[in-house]
Enquirer: 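Below you will find the structure I want to go over with you.
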Amino acid sequence: ILCLQELDNSDIEFFNNTLTSLNHKLFFRKKTGSNKNEGCGISFNIEKFNEVRSFFLDLGVAISDKNEINLLSNHLNFPGVAVFSLLENKSLNNSNKILIINTHLIYNTKRGDLKLSMLILIFKATLKIIQDFDVSDVFMCGDFNMIPNSMIYNWITTNEINLNASLEEYSNQELIE
């Protein structure tokens, strides 16, 4: 399984052809509302996995599946995307489903609130998919644009966050610039 961020629209044909030759399927979604032609993708080996369903979460609009069915109605006015692939391992004799999530959170040292909002939307969508499809395992990948001792990272790992902190402290991204 490959998770790709900042995958440029102009490279999709190359990646699709290359991955297809390796018996992979690529699910890609471009960021909407962005002047950049990039997005996120998940690729998986079709000899090892069955695709149950793939979804995208347009962080600037709402979550939809390939048929544009709204699962959540929340929206924020900034570009961003998360992609979800629900897979079954062909080598297992049961129907355990695994959910692969891939995203690229906003890069902005002063907008930790947007990163937190993006993650909240992604986690809400993840819970809905888990409930609707009886998912056994979840793997989340991506470029989170934060450091391990940041408040958002702490929220992800411990479910605690100091909402009185400055927005810069949410991701501590300025420390890596």
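Throughout, residue positions are numbered sequentially from 1 according to the sequence presented.
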Enquirer: Could you list the residues that satisfy side-chain hydrogen bond (donor to acceptor under 3.5 Å, both in side chains) with T157, not counting sequence neighbours?
Expert: none

Enquirer: Applying the side-chain contact (heavy atoms from CB on, under 4.5 Å) test to M140, which of T126, I100, T103 qualifies?
Expert: T103

Enquirer: Distance only, no hydrogens: is a donor on one side chain within 3.5 Å (strictly under) of an acceptor on the other, for Q5 and N102?
Expert: yes

Enquirer: Measure the acute angle between the ring planes of F84 and F55, then classify it against the limits of 30° and 60° as parallel, tilted or perpendicular.
Expert: perpendicular

Enquirer: Supply the atom-to-atom distance I98 CD1 to F49 CZ, rounded to the nearest 0.5 angstrom.
Expert: 4.5 Å

Enquirer: What's the verdict on side chain to side chain contact (heavy atoms under 4.5 Å, CB included) for L114 and L59, showing C-alpha distance, side-chain angles and the deciding distance?
Expert: CA-CA 10 Å; L114 290 182; L59 296 168; over 6 Å; no

Enquirer: Measuring from F139:CZ to C3:SG, what's the distance to the nearest 0.5 Å?
Expert: 10.5 Å

Enquirer: If you define the side chain from C-beta out and look only at heavy atoms, does anything of L57 sit under 4.5 Å from L121?
Expert: yes

Enquirer: Might you point out which heavy atoms bring K115 and F144 nearest each other, and give the distance in Å?
Expert: CD-O, 4.1 Å

Enquirer: Taking side chain as C-beta onward, heavy atoms only, is I42 less than 4.5 Å from K25?
Expert: no

Enquirer: In chain order, what residues pass the side-chain hydrogen bond (donor to acceptor under 3.5 Å, both in side chains) check against N154, with sequence neighbours excluded?
Expert: T158

Enquirer: Can you give me the closest heavy-atom contact between K97 and D134, atom names plus distance?
Expert: CB-O, 4.3 Å

Enquirer: Does L22 belong to the same Ile/Leu/Val/Met/Phe/Trp/Tyr cluster as F44, with side-chain heavy atoms less than 4.5 Å apart forming each link?
Expert: no

Enquirer: With side chain to side chain contact (heavy atoms under 4.5 Å, CB included) as the test, would you mind laying out the steps for L119 and W155 before giving the verdict?
Expert: CA-CA 10 Å; L119 282 170; W155 174 69; 3.9 Å; yes

Enquirer: Write down the atom of S136, the atom of N96, and the distance for their closest heavy-atom approach.
Expert: OG-CB, 3.5 Å

Enquirer: Could you list the residues that satisfy side-chain hydrogen bond (donor to acceptor under 3.5 Å, both in side chains) with S85, not counting sequence neighbours?
Expert: S54

Enquirer: With rounding to the nearest 0.5 angstrom, report the CG to NZ distance, N37 to K30.
Expert: 5.0 Å

Enquirer: Between L86 and V135, is a side chain to side chain contact (heavy atoms under 4.5 Å, CB included) present by the stated rule, with each step listed?
Expert: CA-CA 8 Å; L86 188 59; V135 175; 3.5 Å; yes

Enquirer: What distance do L127 atom CG and D132 atom CG have between them, rounded to the nearest 0.5 Å?
Expert: 10.5 Å

Enquirer: Do K31 and E38 sit within salt-bridge range, that is, some charged N less than 4.0 Å from a carboxylate O?
Expert: yes

Enquirer: Test of understanding: with side-chain contact (heavy atoms from CB on, under 4.5 Å), list the residues that count as partners of N45, not counting sequence neighbours.
Expert: N23, H24, E47, K48

Enquirer: Got a sec, which hydrophobics cluster with L4, joining ILVMFWY side chains under 4.5 Å apart, including via others?
Expert: L2, L7, I12, F14, F15, L19, L26, F28

Enquirer: Can you find a heavy atom in the side chain of L105 that is under 4.5 Å from one in the side chain of M146?
Expert: yes

Enquirer: CD1/I130 to CZ/F123 distance, rounded to the nearest 0.5 angstrom?
Expert: 10.5 Å

Enquirer: Rounded to the nearest 0.5 Å, what separation is found between the CD1 atom of I101 and the SG atom of C40?
Expert: 12.0 Å

Enquirer: Looking at every heavy atom in both M118 and H104, which two are closest together, and how far apart are they?
Expert: CE-O, 4.3 Å

Enquirer: Listed by chain and number, what are the side-chain hydrogen bond (donor to acceptor under 3.5 Å, both in side chains) partners of S10, not counting sequence neighbours?
Expert: D8

